[in-house]
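First up is the structure itself, then whatever we jot down about it.
Here, residue 1 is the first one in the sequence, and each next residue gets the next number.
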Amino acid sequence: DMPELELSAGTEGLPVANLLKQAELVSSTSEAFRMIKQGAVRINGERVEDKGLVCEPGSTNVYQVGNRRLAKVTLA
């Protein structure tokens, strides 16, 4: 079953690498950057190519790293 998480995005939003780390989909932000570079990170099935992407507060998306690490994350 997919974990469902709620993370705080603050007012500025949450950078995608920090989100992946907080959701425990990666062990570090540098791993997150590496996975994005390899094309292994998806949001709602769409590949993430911009490692500077900032995720907006008030959104709920499915974040995926590789084939097996998935989480549904709501940003508050």
Item to complete: Indicate if Tyr63 and Leu5 have the same hydrophobic cluster label, given that clusters are the connected sets of ILVMFWY residues with side-chain heavy-atom separations under 4.5 angstrom.
Response: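 Yes, same cluster.
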Worksheet entry | Cluster link Val65 to Phe33, ILVMFWY, side chain under 4.5 Å |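 No.
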Using 0.5 Å steps for rounding, measure from the [atom1] atom of [X] to the [atom2] atom of [Y].
X: Ser28; Y: Leu20; atom1: OG; atom2: CG; result: 10.5 Å
X: Cys55; Y: Leu7; atom1: SG; atom2: CG; result: 10.0 Å
X: Glu49; Y: Lys37; atom1: CD; atom2: NZ; result: 14.0 Å

Name the atoms and distances for all side-chain donor-acceptor pairs under 3.5 Å in residues 67-76, with sequence neighbours left out.
residue : atom : partner : partner atom : Å
Arg69   : NH1  : Leu25   : O            : 2.8
Arg69   : NH1  : Glu31   : OE2          : 3.4
Thr74   : OG1  : Thr60   : OG1          : 2.9

Worksheet item: If you draw a 6.0 Å radius around CD in Gln38, do more than 12 non-hydrogen atoms from other residues or ligands fall strictly inside?
Response: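 Yes - once you tally the heavy atoms of other residues, nucleotides and ligands closer than 6.0 Å, there are more than 12.
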Quick one: does any side-chain atom of [X] pair with a main-chain N or O of [Y] as donor and acceptor, under 3.5 Å?
X: Arg47; Y: Gly39; answer: yes
X: Asp50; Y: Gly52; answer: yes
X: Gln64; Y: Gly66; answer: yes

Worksheet item: Looking at side-chain heavy atoms only, is the closest gap between Leu14 and Gln22 below 4.5 Å?
Response: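 Side-chain contact under 4.5 Å: yes.
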Worksheet item: Closest heavy-atom contact between Ala17 and Thr29?
Response: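 Answer, listing the atom of Ala17 first, then Thr29: O-CG2, 3.8 Å.
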Practice prompt. List the atom of Pro57, the atom of Gly13, and the distance in Å for their closest heavy-atom pair.
Written response: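 Looks like CD-CA, 3.7 Å.
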